[in-house]
Amino acid sequence: MKFLKNFGLVLLTGLVLAGWVMLPWQGVLALLVLLLMWLFLLRSGTQARSVASVGISTLSQRMGSSAVIVVGIAGVVGVVVALLAMAEGYAQTLRNSGSLDTAIVLRGASAAEVASNLSREDLVQIGQAAGIARGEKGEPLMSAETVVAANLPVKGSKTGDEGSAQVRGVSDEAFIVRPHLKIVEGKRFQPGLRELVVGKGAVRQFTGLTVGSTIKLGNQPWTVVGVFASGDAMESELWADANVVNDAYQRGSGRNSATVKLTSADAFKGFKDALAANPQLRVDANTTLDFFAKQSEQMTKMLRIIGITVGAIMAVGAVFGALNTMFAAVAARAREIATLRAIGFRGLPVVVAVMLETMLLALIGGVIGGVIAWAMFNGFEASTMAAGSVGKLSFNLSVSPGLLWEGIKWALAIGFIGGLFPAVRAASLPVTAALREL
């Protein structure tokens, strides 16, 4: 019988946690309203509120044991939120790189720019497709671009380590296609010259990228003439004239990709259909928003898996800490609980009262952990190899309200597990046996 009871509790815990993970904040708010109505309107709820108030009022006398729960859960939430903030910041940086009124064209079946190759004839055909915006002279607003890698010394390395930077050869239209990109220091490169403009993220990652400095790319000297800001993945790149980049790296007249400005977001379908209907082309087109979102999927998923795995391992320790603390608290109040049950208090109010006490401590721990993670890691600069590219991507960790809410849900889940079994023990302990305990 005892085995079936424990098995039922474990099954209940699993079902509750499964539902809790899927529950949106609106559902949590509805549960909170129902709980408050039960606590203040029904007799059993009033009993639970009375028992809980007594337990909560004695928390100051049990500061040490209560701190075990709070600190343990705060540590779990802080680590989980910080790790998930990496995934959020990475995905957000790539999402900011795209829009619905621009499109990127790659060779058919190419998943990334580095795997694509477009000939000069391809580029001419793409520029004639319907849906592309035109400039004042009727020219298509299209930037045919080459992507290559360059090894540069990593900033702050004491051993002279080098990292991979992505160099993008662009045309003049690149600055029209991406109007959010602004030169914040120096000037734009001149077409035909070995000049570079570098992103703020690249400046943070690598040494020697200040305006006026000279670096070697393709065994040739290049001069840094400007620094740009874009707030997206482009900030980690070095930009130069596409023709000069192709000459330096012996790429011929082809390009890796073509980024176009559309007449409107609604024009994308017509543009894509026109490319598909052209028998001379074997290309794929995506809005830049969709393209960069897909680029972030695998890395974001991996970072989230790491965060959840590490958090789950730490959560096991926090659960045991909560279990030990609450079992000790229930044992210390066994006679008090038995007396309440002897004068008419039912088992359910006792269970809820103990659970409320544990969940309150868990909530405090979750809030503390979330605040610490936000204070320490929100906006923290990091970098990693970007998926589908040949260079590092610089990004800022983002502790969003959604991540803070996810951390609170983790805290309350740990509190639920840590409080359920002690609460059931308190409610099921025989009254006569409890009254005899010292």
Side-chain angles (χ1 to χ4, degrees), residues 13 16-17 19-40 45 48-82 84-85 307-308 311-312 314-330 349-376 378 399-424 426:
T13 302
V16 170
L17 290 179
W20 181 248
V21 169
M22 304 298 295
L23 196 65
W25 67 268
Q26 296 92 336
V28 176
L29 183 61
L31 287 179
L32 180 61
V33 170
L34 292 175
L35 175 62
L36 291 175
M37 291 175 62
W38 179 73
L39 287 174
F40 286 92
R49 186 158 47 89
S50 300
V51 178
S53 62
V54 173
I56 293 172
S57 65
T58 62
L59 287 177
S60 58
Q61 303 170 17
R62 298 179 280 120
M63 190 66 72
S65 59
S66 300
V68 172
I69 299 177
V70 174
V71 173
I73 293 178
V76 174
V77 172
V79 170
V80 169
V81 171
L84 295 183
I308 292 173
M314 293 184 65
V316 173
V319 166
F320 278 111
L323 285 170
N324 289 335
T325 299
M326 294 313 299
F327 270 126
V330 168
V350 173
V351 170
V352 175
V354 176
M355 292 291 294
L356 286 175
E357 184 178 334
T358 312
M359 299 288 272
L360 175 62
L361 294 173
L363 179 61
I364 294 173
V367 170
I368 292 174
V371 169
I372 292 175
W374 179 83
M376 293 183 63
N378 190 45
V399 182
S400 64
L403 285 187
L404 292 175
W405 169 236
E406 194 165 345
I408 295 296
K409 289 181 73 174
W410 271 72
L412 294 177
I414 295 171
F416 177 83
I417 300 172
L420 179 61
F421 293 91
V424 172

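- When all heavy atoms are compared, the tightest approach of Gly369 to Val77 is C-CG1, 4.0 Å.
- Considering CD1 of Ile414 and CE of Met359, their distance stands at 11.0 Å, rounded to 0.5 Å.
- Here the shortest heavy-atom pairing between Val76 and Gly311 reads CG1-O, 3.9 Å.
- Rounding to the nearest 0.5 angstrom, the gap separating the OG1 atom in Thr358 from the CG atom in Leu363 is 12.5 Å.
- Within the 4.5 Å cutoff, no side-chain heavy atoms of Asn324 are placed close to those of Val68.
- Contact record, Ala362 with Ile69: N-CG2, 4.5 Å, taken as the closest heavy-atom pair.
- Annotation: the span from Ile73 atom CD1 to Leu412 atom CG amounts to 8.5 Å, rounded to 0.5 Å.
- No donor-acceptor pair closer than 3.5 Å links the side chain of Ser66 to the backbone N or O of Met63.
- Taking the side chain to side chain donor-acceptor pair (under 3.5 Å) definition, one finds that Trp38 meets it with Ser44, sequence neighbours left out.
- When all heavy atoms of Val399 and Ala373 are compared, the closest pair comes out as CG2-O, 3.9 Å.
- For the atom pair CD1 (Ile308) and CH2 (Trp410), the distance works out to 6.0 Å, reported to the nearest 0.5 Å.
- Between Leu23 and Lys409 the shortest heavy-atom distance is O-NZ, 2.7 Å.
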Checking side chain to side chain contact (heavy atoms under 4.5 Å, CB included) for the pair Trp405/Ile408: CA distance, chi angles, key distance, verdict?
CA-CA 5 Å; Trp405 169 236; Ile408 295 296; 4.1 Å; yes

Test side chain to side chain contact (heavy atoms under 4.5 Å, CB included) on Leu17 and Ile417 and set out the steps.
CA-CA 9 Å; Leu17 290 179; Ile417 300 172; 3.5 Å; yes

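- To the nearest 0.5 angstrom, Arg49 atom CZ is 10.0 Å from Leu36 atom CG.
- A distance of 8.5 Å separates CD1 of Ile56 from CG of Leu361, quoted to the nearest 0.5 Å.
- A 4.5 Å side-chain heavy-atom check between Val16 and Leu420 finds every atom pair outside the cut-off.
- Nearest heavy-atom pair, Val81 versus Leu403, reported as atom, atom and distance to 0.1 Å: CG2-O, 3.8 Å.
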